[in-house]
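Keep in mind the model is a prediction, meaning the values are calculated, not measured. Just so it is clear: chains get the letters A, B, ... in the order the sequence lines come, proteins before strands, and each one is counted from 1.
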There are 2 protein chains.
Amino acid sequence: MTAVKWPGEWLRGVLQLCVLSALEAGPTYGYAIGQRLEEAGLGTVKGGTLYPLLGRLESDGLVRSTWAAGEGGPGRKYFQLSDAGRRELHDRVLMWRQFTAATALLLPAAGTTEEES
Amino acid sequence: MTAVKWPGEWLRGVLQLCVLSALEAGPTYGYAIGQRLEEAGLGTVKGGTLYPLLGRLESDGLVRSTWAAGEGGPGRKYFQLSDAGRRELHDRVLMWRQFTAATALLLPAAGTTEEES
DNA sequence: CTGACTAGTTAGGCATACAATCTAGTGTGC
DNA sequence: GCACACTAGATTGTATGCCTAACTAGTCAG
């Protein structure tokens, strides 16, 4: 999917879930997380957003970080989910699904508005 | 559905869509909008949030307001969608659907994390 | 008159995406 | 060795909107 620019308000909140989700498959570093999220259709997640978020997740005990030498580049800071992080991801994903289901019921079906106008 | 307390970050952004959607069926007033959103599962939308939002929508030309006498209560400020508001609702709903679809693909399926832990 | 419910209004606090800026490591070409 | 590009991470100030708190005001019932 090409770069889509979602409203920042929409990213707010769910971005944490997406980052935790990106870590579920195993440890990885910030730059790679950003790339993965972009490929997945989230648009460009700016470093000014991603790194403070990763910092908050670590402060909250949801992820842990370790430094490793880069592969022909600068060093990399690898992040991995803690047990608390896995639980948080699981709980929040369930809630998010309920939330989006509720909003889907409330919002008009696609095409409805256009047909009336 | 009983009152659920969604994170404020999640409401941010989509709340505008939900309010516009509540107005799609016809003019109504703030208090009733709040009730409708609560019944729909959005949780309690505080007046401190709802009224400034309605004000912004009006400033942006997406809704118009008129005062009417209340039915055995205080006066009511009725809001209705403008043409621009209808178009905005339609466009944004499509985008929201795309956004939630993209995030659904990225997030783990419910139960996956639990089975691995 | 008091309290409850109905309706609307406002301001400051807080959290976080965005934009901007910066540091630093490695490799390539000149 | 220097400049540039790409890789990686970090930080800060601004803008935005939900939350909290507080408030005003109309109507009805006890």
Side-chain angles (χ1 to χ4, degrees), chain A residues 3-20 22 27-38 42-60 62-63 65-79 92 99 103, chain B residues 3-20 22 27-38 42-60 62-63 65-79 92 99 103:
Chain A
V4 184
K5 182 68 186 68
W6 306 117
E9 310 96 64
W10 292 2
L11 281 179
R12 189 180 179 97
V14 75
L15 186 56
Q16 174 177 317
L17 274 194
C18 296
V19 169
L20 290 175
T28 188
Y29 55 100
Y31 197 76
I33 293 173
Q35 288 178 325
R36 175 166 160 71
L37 295 183
E38 180 155 8
L42 263 280
T44 304
V45 181
K46 314 295 173 59
T49 297
L50 183 55
Y51 293 109
L53 172 56
L54 287 167
R56 291 194 300 271
L57 290 175
E58 188 163 21
S59 297
D60 294 343
L62 301 182
V63 303
S65 66
T66 53
W67 278 99
E71 300 166 7
R76 292 168 174 164
K77 187 171 187 179
Y78 280 81
F79 297 89
R92 281 300 178 106
F99 178 70
T103 56
Chain B
V4 185
K5 183 67 187 71
W6 305 118
E9 311 97 63
W10 293 3
L11 282 178
R12 190 181 178 99
V14 76
L15 186 57
Q16 174 178 319
L17 274 195
C18 296
V19 169
L20 288 175
T28 187
Y29 54 98
Y31 196 77
I33 293 172
Q35 287 178 326
R36 175 167 160 73
L37 295 182
E38 179 156 7
L42 264 280
T44 304
V45 181
K46 313 291 174 62
T49 297
L50 182 55
Y51 292 108
L53 173 55
L54 287 167
R56 291 196 299 274
L57 290 174
E58 188 163 22
S59 297
D60 295 342
L62 301 182
V63 303
S65 66
T66 54
W67 279 99
E71 300 166 4
R76 291 170 175 162
K77 187 169 186 179
Y78 279 82
F79 297 90
R92 281 300 177 103
F99 178 70
T103 56

With rounding to the nearest 0.5 angstrom, report the [atom1] to [atom2] distance, [X] to [Y].
X: Leu42(A); Y: Arg36(A); atom1: CG; atom2: CZ; value: 10.0 Å
X: Lys46(A); Y: Tyr51(A); atom1: NZ; atom2: OH; value: 14.0 Å
X: Trp10(A); Y: Thr103(B); atom1: CH2; atom2: OG1; value: 10.5 Å
X: Thr49(B); Y: Leu37(B); atom1: OG1; atom2: CG; value: 11.5 Å

For [X] and [N], give me the distance from atom [atom1] to atom [atom2], rounded to whole Å.
X: Phe79(B); N: dA7(C); atom1: CZ; atom2: C1'; result: 11 Å
X: Leu50(A); N: dT7(D); atom1: CG; atom2: P; result: 16 Å
X: Trp10(B); N: dT16(C); atom1: CH2; atom2: P; result: 14 Å
X: Tyr29(B); N: dG8(C); atom1: OH; atom2: P; result: 8 Å
X: Glu9(B); N: dA17(C); atom1: CD; atom2: P; result: 9 Å
X: Arg76(B); N: dG8(C); atom1: CZ; atom2: P; result: 8 Å
X: Gln35(B); N: dG8(C); atom1: CD; atom2: P; result: 10 Å
X: Leu42(B); N: dC19(D); atom1: CG; atom2: P; result: 11 Å

Side-chain heavy-atom pair Leu50(B), Leu15(B) within 4.5 angstrom cut-off | no
Name every residue in residues 51-60 of chain B that has at least one heavy atom under 4.0 Å from any atom of DNA chain C, in order of residue number, or write none if there are no such residues.
-> Tyr51(B), Pro52(B)
Arg12(A) near the nucleic acid: base, sugar-phosphate alone, or nothing, with a heavy-atom cut-off under 4.0 Å?
-> base
Please work out if Lys46(B) contacts a base, only the sugar-phosphate, or nothing of the nucleic acid, heavy-atom cut-off 4.0 Å.
-> base
Closest of dC18(D), dA17(C), dG9(D) to the Leu15(B) side chain is dC18(D)
Taking all non-hydrogen atoms of both residues, which atom of [X] and which atom of [Y] are closest, and how far apart?
X: Arg92(B); Y: Leu17(B); result: CB-CD2, 3.1 Å
X: Gly13(A); Y: Glu9(B); result: CA-CB, 3.6 Å
X: Thr44(A); Y: Glu38(A); result: OG1-OE2, 3.2 Å
X: Ala22(A); Y: Ile33(A); result: CB-CG2, 4.2 Å
X: Pro52(B); Y: Gly47(B); result: CD-O, 3.5 Å
X: Leu54(A); Y: Phe79(A); result: CD1-CE1, 3.6 Å

Roughly how bent is the helix from dC1(C)-dG30(D) to dC30(C)-dG1(D) end to end, in steps of 10 degrees, with each end axis from five pairs?
-> 10°
State whether Thr49(A) places a side-chain N or O below 4.0 Å from either non-bridging phosphate oxygen (OP1 or OP2) of dC18(C).
-> yes
Toward the 5' end of DNA chain C, by each residue's nearest nucleotide, Pro7(A) or Trp67(B) | Trp67(B)
Sugar-phosphate or base contact per nucleotide [nucleotides 22-30 of chain C; S, B, -; heavy atom under 4.0 Å] = ---BSS---
Check the angle between the aromatic planes of Trp6(B) and Phe99(A) and answer parallel, tilted or perpendicular using the 30° and 60° thresholds.
-> perpendicular
